[in-house]
Amino acid sequence: MPRPASIFNRRSFLKVSALAGGGMALSFSWIVSCKTKEEESLVMPKNWFRLNGYIRIGENGSITLMSPNPEGGQNVKTSMPMIIAEELDVDWNKVIVEQAPLDTDNFTRQFIGGSQAIRTGWKALRTAGATARRMLILAAAKTWDIPDSEIKTASGFVLDISGKRKADYGSLAALAATLPIPEDVKLKEVQDFRIIGTSKKNVDLHKIITGKPLFGIDFKKPGMLYAMIIHPPAIGKKLKSFDANRARAMPGIKDVFAIKSLQDDYKRTFFDTVQFTDLIAVVGVSTWQVQQAKKAVTVSWEIQKGFEEKRDMFGRAGVRVVPEGLENSAEQEHKMRHAAMSPQKQRMDGDPIKEFEKATRVIERSFSGPFLAHNCMEPMNFFAHVQGDKVFCAGPLQKPELTEQALADRLGIPIENIEISMTRLGGGYGRRSYAHWLIEAAVISQKTGMPIKLLYNREDEMTAGVYRSRYQATYRAGFNIKNELVAFHVNAGGLPENPLYANRFPAGAVPNYLAEGWEVASNITTGSFRAPRSNFMACVEQSFLDEIAEVSGQDPIAFRLKLLQRAKENPVGDNNDYNPERYAKVLEMVKKKANWGNAPEGVHQGVSAYYCHNSYAAQVVDLKIINGEVHFEKVTNVIDCGIVVNPDAARNLCEGAVIDGIGTAMFGELRIEDGVINKSNFDTYRMIRMKEAPKSIATYFVENGEDPTGLGEPAYPPIFAAVANALYKATGKRFYDQPFINQLNG
């Protein structure tokens, strides 16, 4: 086992780069307690001793572990402290977990997104625990005047290996906290884990099931006012003028005024994304009064002229072209078809053009995916209080450290004077990566001089939000006289984003391969959506591979395995971003676990497998169609995400991804007419219902001892194609366009 270096000063202890870890040391200036019912009975110590940014130990042996990243239902608030506790060698039942605030001085990558929290924090979290444990051993050695080699630890105690002495961590914490930080520490071997790999209850479980305040929407401060926003009624319009005299005279209304969330010349970073910047704020004593006042404001809107938006794409300068006009779905489709005729080549292996000309058979299929809304259960909200040059904010946010600078620039307040406290997210899925509502709340607070709680209602969120891009892809496959696949071509693009991953499977497995992409400029604001781009590409790629397998007369799983064998033994190209052995393993395992090919009478199976976020997922869907309705009998999941920290939580995460994915594949869709989103609430935007969820979901993890990789997103993309392929078996129709319900009922 490597001995990672830990040469850090007290302030920056275990602070790591964005590539190497999840961000370490932090202050304890603000703590949200998350005690369970059992923890409430614990006697709190009089003194706490901080061994490093993550760990505090009381003189009575109480141990508090800080969780640095936002919690959005993926369970990092439990899993990350489990990793620390493992190396610290403590009794998990005696640990208290607390949510850390944003601390950009001492943390790096203090956010959630891309399924990377555990992956990037793995070694640094372990090192934090192991370093603190080492300091306790050294404190014991100094106290007992014996060599540290004669000391071991067990469940929060330090022991002399002779059995003569024993001390709890609390009795040594004061001394340990004064010792120099060890230069290197030894991490546990995987086979010695006692906490990692075991199922632990969510540390917030008691609060969740008893309705205790946890979420941003629960956050309150004495004397705060409520604010809501009036957005333009159509994308492509902007504020011209308004009359709020009647609204200002209504009970409980304090003020109505115009705000600008971001200045026009502001160079936006990747996550400074917002649909509208010129807004009307309504401020009052209660949400009901504010909502009524919104209706009383008379507003005049005008068509917004086209413009260019300066961007900083993680250090690379960029420009987003925002065209003028009120878009509609029919015109968008026409533009996308035209753009697909002039794509940009992203990868080419062999001579696919020549091989298509020689092919004895060519099949071509086109696929489409609509705009989608995130529909987090908790609408967007944030608390902000600007007092002179000091700012305090609290609420649900996926990437607080990437928002802090934008907030400082907009308010004209030094970044070191801004404090952002993180609450639990009532759903994120990428939507809460874009924190314009935080900035809006702060601008309103700065203007009023009052503490402000900004709330979006569901209609605000769905009609003025950030959406998944609209996508389109055309695939071609060429076969030789032996009915073997010899050429493969994908042409994919989107409005406004290209979804193509040119180096993913089946790249590297086909000798003649061409990948082309394109984009269409749009004034519709889009952004991250659970498993960005993969959520479309997995569907269309895996659906097309099933059709190729059928044309070539092969079983769908056997066909994929044959391609992966070729990618392993004789790979084409040097940039294939997947491991064919690990990819094949999940397919082989799902075939066995799902009893592939032996479904009961009337049950139809569909398979899909995909690599994204450094992990591999394979799924088989078993479904029936009864009286025209789809009944999902079972979904079998096999995931290779390396070491699973908390198995029950991991299964829950995969089950949620499956249900979410089925619902989106079957029903999710937004259309646009003259700049207006055609659905504004759940009465028209169809979500999956409880009775439509699979009767059972079985999830299995590949045990390979590899370091953890992503898990929040990898189980989501492949389910789309598994559903499409099972529906084909049941109906005899291929499903090329999402949502599938349109074709099923058509």
Side-chain angles (χ1 to χ4, degrees), residues 1-4 14 16 19-24 54 65 67-69 71 74-90 92 95 97 109 112 114-131 133 185-203 578-579 581-586 588-590 593 609-618 637-657 698-716:
M1 173 60 67
R3 301 172 69 90
L14 292 178
V16 292
L19 295 176
M24 299 303 111
Y54 274 127
L65 301 180
S67 183
N69 289 32
E71 173 57 66
Q74 78 282 42
N75 213 42
V76 293
K77 192 174 175 181
T78 303
S79 299
M80 296 183 100
M82 284 175 65
I83 298 170
I84 304 168
E86 179 67 74
E87 295 289 353
L88 183 58
D89 199 6
V90 295
W92 177 254
V95 165
V97 174
R109 198 180 170 85
I112 56 172
S115 299
Q116 298 300 292
I118 297 298
R119 175 176 177 262
T120 56
W122 174 246
K123 289 184 179 178
L125 289 162
R126 293 180 67 190
T127 304
T131 302
R133 174 178 170 270
V185 292
K186 183 178 181 181
L187 304 181
K188 285 186 177 182
E189 300 293 339
V190 173
Q191 63 268 24
D192 295 328
F193 288 164
R194 296 183 304 104
I195 296 175
I196 293 173
T198 64
S199 294
K200 303 300 181 188
K201 292 181 180 179
N202 187 317
V203 296
Y578 61 93
N579 181 314
E581 289 186 75
R582 294 180 72 172
Y583 208 137
K585 177 67 175 179
V586 294
E588 292 165 348
M589 194 168 168
V590 84
K593 297 295 185 181
Y610 197 69
Y611 165 80
C612 69
H613 299 87
N614 309 104
S615 295
Y616 303 80
N637 261 323
V638 172
I639 311 292
D640 178 354
C641 60
I643 294 169
V644 177
V645 176
N646 190 343
D648 275 359
R651 279 188 286 270
N652 292 341
L653 198 53
C654 293
E655 290 168 3
T699 301
Y700 305 90
F701 297 99
V702 175
E703 297 181 4
N704 54 18
E706 298 285 345
D707 285 356
T709 51
L711 187 56
E713 288 157 293
Y716 183 72

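Small disclaimer: the values here were computed from a predicted structure and weren't measured.
- With rounding to the nearest 0.5 Å, the separation of CG in N202 from OG in S79 is 9.0 Å.
- Partners of E655 according to the side chain to side chain donor-acceptor pair (under 3.5 Å) rule, which considers only residues two or more places apart in sequence or in another chain, do not exist here.
- Contacts classified as salt bridge (charged side-chain N to carboxylate O under 4.0 Å, His left out) and involving residues 698-713 (residues at least two apart or in different chains) are not found.
- Here the closest non-hydrogen pair linking V586 and I639 is CG1-C, 4.3 Å.
- In this structure the side chain of V702 never reaches within 4.5 angstrom of the side chain of R582, judged on heavy atoms.
- Remark: the backbone N or O of Y578 is not paired with any side-chain donor or acceptor of Y616 at under 3.5 angstrom.
- At least one side-chain heavy atom of W122 sits less than 4.5 Å from a side-chain heavy atom of I643.
- With a 4.5 Å cut-off on side-chain heavy atoms, L88 and L65 count as touching.
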Practice task
Using the side-chain contact (heavy atoms from CB on, under 4.5 Å) rule, take V203 and V95 through it: C-alpha gap first, then chi angles, then the decisive distance, then the call.
Solution key: CA-CA 10 Å; V203 296; V95 165; over 6 Å; no
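- Using a 4.5 Å heavy-atom threshold, the side chains of P81 and Y54 count as separate.
- Salt bridge D648/K201: absent, no basic N to carboxylate O contact under 4.0 Å.
- For the pair G114 and H613, the tightest heavy-atom approach, listed with the atom from each and the gap, is O-CD2, 3.1 Å.
- Contacts of A609 classified as side-chain contact (heavy atoms from CB on, under 4.5 Å), with partners at least two apart in sequence or in another chain: Q542, Y583, L587, A618.
- Checked against side-chain contact (heavy atoms from CB on, under 4.5 Å), S615 has the following partners two or more places apart in sequence or in another chain: C641, T709, P714.
- A657 pairs by the side-chain contact (heavy atoms from CB on, under 4.5 Å) definition with R530, A715, Y716, not counting sequence neighbours.
- In this structure, the side-chain contact (heavy atoms from CB on, under 4.5 Å) partners of D192, at least two apart in sequence or on a different chain, are E189.
- Residues G712 and L653 share a closest heavy-atom pair of CA-CD2, 3.6 Å.
- The distance from atom CE of M82 to atom CG of N75, rounded to the nearest 0.5 Å, is 8.5 Å.
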Problem - Worked verdict on E86 versus V645 for side-chain contact (heavy atoms from CB on, under 4.5 Å) - result: CA-CA 10 Å; E86 179 67 74; V645 176; over 6 Å; no
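- Annotation: side chain of R133 is not in contact with side chain of E87 (no heavy-atom distance under 4.5 Å).
- Screening V76, I196, T78 for a side-chain contact (heavy atoms from CB on, under 4.5 Å) with N646, the sole residue that qualifies is T78.
- A 4.5 Å side-chain heavy-atom check between P647 and R651 finds at least one atom pair inside the cut-off.
- Between K123 and R126, the closest side-chain pair of non-hydrogen atoms is not below 4.5 Å.
- Of all heavy-atom pairs spanning T120 and A117, the tightest one is OG1-O, 3.6 Å.
- Of all heavy-atom pairs spanning M80 and S67, the tightest one is CB-OG, 4.5 Å.
- Summarising the geometry of A650 relative to F701, their closest heavy-atom pair is CB-CZ, 3.5 Å, with the distance given to 0.1 Å.
- Remark: I118 CD1 to Q74 CD distance equals 8.5 Å, nearest 0.5 Å.
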Exercise for the section: Give the intermediate values and the outcome of side-chain contact (heavy atoms from CB on, under 4.5 Å) for residues D640 and M589. Expected result: CA-CA 10 Å; D640 178 354; M589 194 168 168; over 6 Å; no
